[in-house]
Amino acid sequence: MKIKALLGERIQAAFQEVGLSGESLLQHASRPEFGDYQANGVMAAAKRAGRNPRETAQAVVAALDLDGIAKAVDIAGPGFINITLDEGFLAEIEPLAVQTATPQTVVVDYSGPNLAKEMHVGHLRSTIIGDCIARVLERLGHRVIRQNHVGDWGTQFGMLLTYMQDKAADSNSLADLEAFYRLAKARFDDDEDFQRRSRQTVVDLQSGSPTALEQWARFIAISASHCQQLYDRLGIDLGPDDARGESSFNDDLAPTVNALTQRGLIELSDGAKCIFLDDFKNKDNEPLPVIVQKSDGGYLYATTDLAALRYRIGDLRADRVLYFVDARQALHFKQIFAVARAAGIASQEIVLAHMPFGTMLGKDNKPFKTRQGDLIKLADLLDEAVERASLVLSEKEVQVKNPDIDDSEAAALADMIGIGAVKYADLSKNRTSDYVFDWDQMLSFEGNTAPYLQYAHSRIRSLFTRGEINPNDLPARTVPVDDPERRLAAAIANYHDLLEQVGQEGYPHHLCGYLYDLAGRFTQLYEHCPILNADQEARTRRLILSHQTASILADGLTLLGIRVPDRM
RNA sequence: GCGCCCGUAGCUCAACUGGAUAGAGCAUCGGCCUUCUAAGCCGAGGGUUGAAGGUUCGAGUCCUUCCGGGCGCGCCA
């Protein structure tokens with residue numbers, strides 16, 4: 001149940017009744033003593049109406065119908081309305097019933113690695129943030145279509161295919177894609193004949209030569225399988241069916257430019273086909289073009305993106321298209337969206353949103369690289385994560401806590417914790433800013449980390465194991481009584497609102513913050529109140545709340561793409 | 001030169017988009033294991049939110065100007 005929407009409607013109704021216009025400005029209470037929610041809208045509205053804010057608040061509260069929802073509605077300060085929810089109301093909420101009444105078709109564009117090279121840390125953010133938001137939207141009941149816009153076309157493939165041919169390369173020699181790329185590049189840089197043949201291969205490829213296409217397909221298949229291995233390791237919901245590379249829009253590029261021409265948007269500038277839009281200026285304050293076809297007839301990535309957008313809206317019937325792409329491409333997307341609107345590719349009702357993110361930095365606050373200055377391979381990063389996690393586990397003497405965990409279970413745990421820690425470190429920071437990658441911080445069991453949440457979850461599970469209780473035998477709901485119970489119940493009830501917000505705005509760190517807060521409220525209950533050893537009534541109550549908490553933690557971590565061990 | 005983003009505790013990050021006394025974790029200091037996982041909990045210190053103006057009942061958040069950092073800006077993607 002969306003509590004905020006419900007309260008918002010009721011307050012709006014009360015505003016109307018007392019002749020007030022404006023928003024209720026409802027938000028969570030900033031301090032516990034203010035209750036659960038606060039509405040801040042009265043002060044501004046009263047000001048506009050020239051009325052006394054405090055008296056206006058009185059009138060709104062008098063007109064406000066929250067029977068069965070709130071147990072207290074107070075006025076504080078200059079005209080804040082503080083709302084304390086009724087415990088019975090909290091108990092009625094099914095926390096995991098989060099399906100929307102108005103499902104949309106949402107295309108989520110994320111990951112998009114360049115298949116000419118191996119995946120490196122630069123692909124991590126797009127991949128895991130996009131994956132999380134796709135899962136959240138799906139959880140809310142939207143029709144989600146994942147689009148992995150892989151870089152599988154372009155001049156660099158001429159070089160790679162020619163080198164592959166020269167070396168009679170098989171999948172084995174492509175096992176280290178990065179090394180292969182470097183060798184091909186080195187050859188290209190100091191061998192003129194090789195350069196000539198590489199350019200010819202590009203021409204062959206673009207003109208549809210069967211031999212070139214066959215080699216290209218072989219290369220792409222091998223490279224894509226490398227990606228797939230990483231997706232599987234990372235627990236990313238992307239497969240071959242989600243991949244729609246640049247090459248797949250090849251045949252649509254000319255029609256796309258034609259469509260723009262017919263709309264009268266195209267101008268020739270130095271032989272290139274350009275679109276000039278009013279809002280974009282270059283460094284000399286002259287109109288800035290979006291170039292869709294080069295003077296030599298070649299197309300550019302703007303063209304590909306427009307063709308892809310035509311497909312997403314025309315064929316996939318998207319209501320929203322979300323792009324999880326590096327913040328540096330902000331201008332590019334602004335232009336693409338503006339062209340798409342001007343050209344009628346996207347009507348005003350369709351939401352197009354660039355969901356930008358910042359750069360991953362090392363502890364020195366510079367882009368995260370090896371000592372040699374190379375980008376770090378994703379595969380190496382994950383190896384190190386698991387290795388470090390397994391080290392932490394042995395330090396913490398996991399066998400003391402759970403003596404019957406054997407080596408293979410411990411290895412599986414290290415995997416879940418290590419990979420989860422890397423993903424969570426990224427997901428828990430504000431998407432739009434750069435963030436500092438710090439092994440010790442992310443693998444710590446203290447603070448807002450994946451291991452802490454996994455641990456909190458396993459602690460709850462162990463309650464049920466130890467008490468030999470099947471959670472399904474418990475009643476589904478309970479009315480909280482003691483303070484820690486109430487605080488926990490209030491957070492549990494808020495899950496739907498939170499997911500709604502994350503699905504709308506695309507900030508996974510809000511989900512992380514929520515789960516951390518939820519886990520904190522649980523451990524407070526756990527520390528301050530006995531659960532298994534409480535009297536029958538309290539025991540049942542607390543077990544129900546514990547089970548709800550564990551369910552949300554498991555659900556939330558799953559939406560983050562992080563695995564949830566039963567014990568650790 | 002123009003444009004976009006950022007600057008919050010010693011460090012890493014929050015602050016629900018204009019609300020009440022700016023919050024967490026790490027680090028520092030002090031408490032709590034004969035009852036459910038101490039990988040935990042409770043508490044203390046630590047801030048002129050880069051600076052100065054402005055807008056208003058109210059500003060970390062909005063506007064202006066500086067300072068400092070990152071990124072982008074015609075035929076790469």
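In what follows, chains are A, B, ... by sequence order, proteins preceding strands, each numbered from 1. Values below: every heavy atom of this structure, side chains too, minus hydrogens, waters and symmetry copies.
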- Query: Looking across every strand, which nucleic acid part, if any, lies under 4.0 Å from A:Thr155 by heavy atom: base, sugar-phosphate, or nothing?
  - Reply: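 The answer is nothing, as A:Thr155 stays clear of every strand by at least 4.0 Å.
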
- Query: Contact class for A:Ala456 vs. all strands (heavy atom < 4.0 Å): base, sugar-phosphate, or nothing?
  - Reply: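 Nothing: the residue A:Ala456, judged by heavy atoms under 4.0 Å, touches no strand.
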
At less than 4.0 Å, is any side-chain N or O atom of [X] found next to OP1 or OP2 of [N]? Yes or no.
{"X": "A:Tyr452", "N": "B:C41", "result": "yes"}
{"X": "A:Arg466", "N": "B:U37", "result": "yes"}
{"X": "A:Thr523", "N": "B:C41", "result": "yes"}

Considering only atom [atom1], compute the distance from [N] to [M] and round it to an integer number of Å.
{"N": "B:U12", "M": "B:G70", "atom1": "P", "answer": "16 Å"}
{"N": "B:U56", "M": "B:C16", "atom1": "C1'", "answer": "23 Å"}
{"N": "B:U8", "M": "B:A24", "atom1": "C1'", "answer": "13 Å"}
{"N": "B:C11", "M": "B:U28", "atom1": "P", "answer": "16 Å"}
{"N": "B:G45", "M": "B:G31", "atom1": "C1'", "answer": "15 Å"}
{"N": "B:G46", "M": "B:C62", "atom1": "C1'", "answer": "30 Å"}

Rounding to an integer number of Å, can you tell me how far [X] [atom1] sits from [N] [atom2]?
{"X": "A:Trp153", "N": "B:A77", "atom1": "CH2", "atom2": "C1'", "answer": "16 Å"}
{"X": "A:Tyr526", "N": "B:U35", "atom1": "OH", "atom2": "C1'", "answer": "10 Å"}
{"X": "A:Asp434", "N": "B:U12", "atom1": "CG", "atom2": "P", "answer": "12 Å"}
{"X": "A:Met360", "N": "B:C13", "atom1": "CE", "atom2": "P", "answer": "12 Å"}
{"X": "A:His149", "N": "B:A77", "atom1": "NE2", "atom2": "P", "answer": "11 Å"}
{"X": "A:Phe522", "N": "B:G40", "atom1": "CZ", "atom2": "C1'", "answer": "11 Å"}
{"X": "A:Leu515", "N": "B:A24", "atom1": "CG", "atom2": "C1'", "answer": "15 Å"}
{"X": "A:Asn448", "N": "B:G25", "atom1": "CG", "atom2": "P", "answer": "10 Å"}

Side chain of [X] only, heavy atoms from C-beta on: which candidate in [options] is closest?
{"X": "A:Tyr435", "options": "B:G74, B:C75, B:C13", "value": "B:C13"}
{"X": "A:Lys294", "options": "B:C36, B:U12, B:C75", "value": "B:C75"}
{"X": "A:His528", "options": "B:C75, B:C42, B:C73", "value": "B:C42"}
{"X": "A:Arg31", "options": "B:G23, B:C36, B:C75", "value": "B:G23"}
{"X": "A:Arg459", "options": "B:U12, B:G40, B:A77", "value": "B:G40"}
{"X": "A:Lys429", "options": "B:U37, B:U12, B:G40", "value": "B:U12"}
{"X": "A:Pro289", "options": "B:G40, B:U37, B:G74", "value": "B:G74"}
{"X": "A:Ile291", "options": "B:U21, B:C73, B:C75", "value": "B:C75"}
{"X": "A:Ile531", "options": "B:A24, B:C36, B:A20", "value": "B:C36"}

- Is there ring stacking between A:Tyr455 and B:G40, where the centres must be under 5.5 angstrom apart and the planes under 30 degrees?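 Given the distance and angle limits, no, they do not stack.
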
- Which nucleotides of RNA chain B pair, in dot-bracket form (Watson-Crick or G-U under 3.5 Å, | meaning another strand): (((((.(..((((.....[...)))).(((((.......))))).....(((((..]....)))))).)))))....

- Message: What I want to check is whether the side chains of A:His528 and A:Asp482 have a donor and an acceptor closer together than 3.5 Å.
- Response: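 There is no such pair between these side chains.
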
- Polar side chain donor-acceptor pair, A:Tyr299 to A:Asn250, under 3.5 angstrom: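 Judged by distance alone, the side chains do not pair up.
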
- B:U17 glycosidic torsion: syn (within 90° of 0) vs anti: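 Here B:U17 takes the syn form, which means its glycosidic angle is within 90° of 0.
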
- B:C63, syn or anti by chi within 90 degrees of zero: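 Base orientation: anti.
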
- Test salt bridge (Lys or Arg N to Asp or Glu O under 4.0 Å) applied to A:Asp364 and A:Lys366, step by step: CA-CA 5 Å; A:Asp364 55 0; A:Lys366 294 191 185 136; 5.0 Å; no

- Answer yes if the ring centres of A:Phe80 and A:Phe34 are under 6.0 angstrom apart, and no otherwise.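 No - the distance between ring centres of A:Phe80 and A:Phe34 does not fall below the 6.0 Å cut-off.
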
Parallel, tilted or perpendicular: rings of [Y] and [X] (30°, 60°):
{"X": "A:Tyr435", "Y": "A:Phe437", "answer": "tilted"}
{"X": "A:Phe464", "Y": "A:His547", "answer": "perpendicular"}
{"X": "A:Phe157", "Y": "A:Phe219", "answer": "perpendicular"}
{"X": "A:Trp153", "Y": "A:Trp216", "answer": "perpendicular"}

- Sole candidate of A:Phe324, A:Tyr110, A:Tyr323, A:Phe333 that passes ring-ring contact (aromatic ring centres under 6.0 Å, His included) when paired with A:His354: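 Only one option passes, and that is A:Phe333.
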
- Task: Kindly say whether, by distance alone, the side chain of A:Asn82 makes a donor-acceptor pair under 3.5 Å with the base of B:A20?
- Result: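 Answer is yes: a donor-acceptor pair is held.
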
- Message: Tell me if the side-chain of A:Asp438 makes a donor-acceptor pair with the base of B:U12, cut-off 3.5 Å, by modelled atom types.
- Response: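 Donor-acceptor pair under 3.5 Å: no.
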
- Message: Looking at every heavy atom in both A:His28 and A:Gln38, which two are closest together, and how far apart are they?
- Response: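 So the minimum-distance heavy-atom pair works out to O-CG, 3.9 Å.
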
- Task: Heavy atoms only: give me the nearest A:Gln156-A:Ala116 pair and the separation to one decimal.
- Result: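 Of all heavy-atom pairs spanning A:Gln156 and A:Ala116, the closest is CD-CB, 3.8 Å.
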
Check nucleotides 4-8 of chain B for protein N or O atoms closer than 3.5 Å to its own N or O atoms and list the pairs.
none

- Query: Side-chain contact, heavy-atom cut-off 4.5 Å: A:Thr449 with A:Leu443?
  - Reply: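 When only atoms from C-beta onward are counted, A:Leu443 and A:Thr449 do not touch, as no gap falls below 4.5 Å.
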
- Decide, yes or no, whether a salt bridge links A:Asp483 with A:Arg487 under the criterion of side-chain N to carboxylate O below 4.0 Å.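 The answer is no: the pair does not qualify as a salt bridge.
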
- Message: Is it the case that the side chain of A:Glu178 and the backbone of A:Glu118 share a donor-acceptor pair, with hydrogens and angles ignored and the cut-off at 3.5 Å?
- Response: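 Side chain of A:Glu178 to backbone of A:Glu118: a pair is present.
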
Listing time: all N or O pairs from protein to nucleotides 15-19 of chain B that are below 3.5 Å?
from, atom 1, to, atom 2, distance (Å)
B:A15, OP1, A:His509, NE2, 3.1
B:A15, OP1, A:His510, NE2, 3.2
B:C16, O2, A:His28, ND1, 3.0
B:C16, N4, A:His28, O, 3.4
B:G19, OP2, A:Gln27, NE2, 3.4
B:G19, O2', A:Gln38, NE2, 3.2

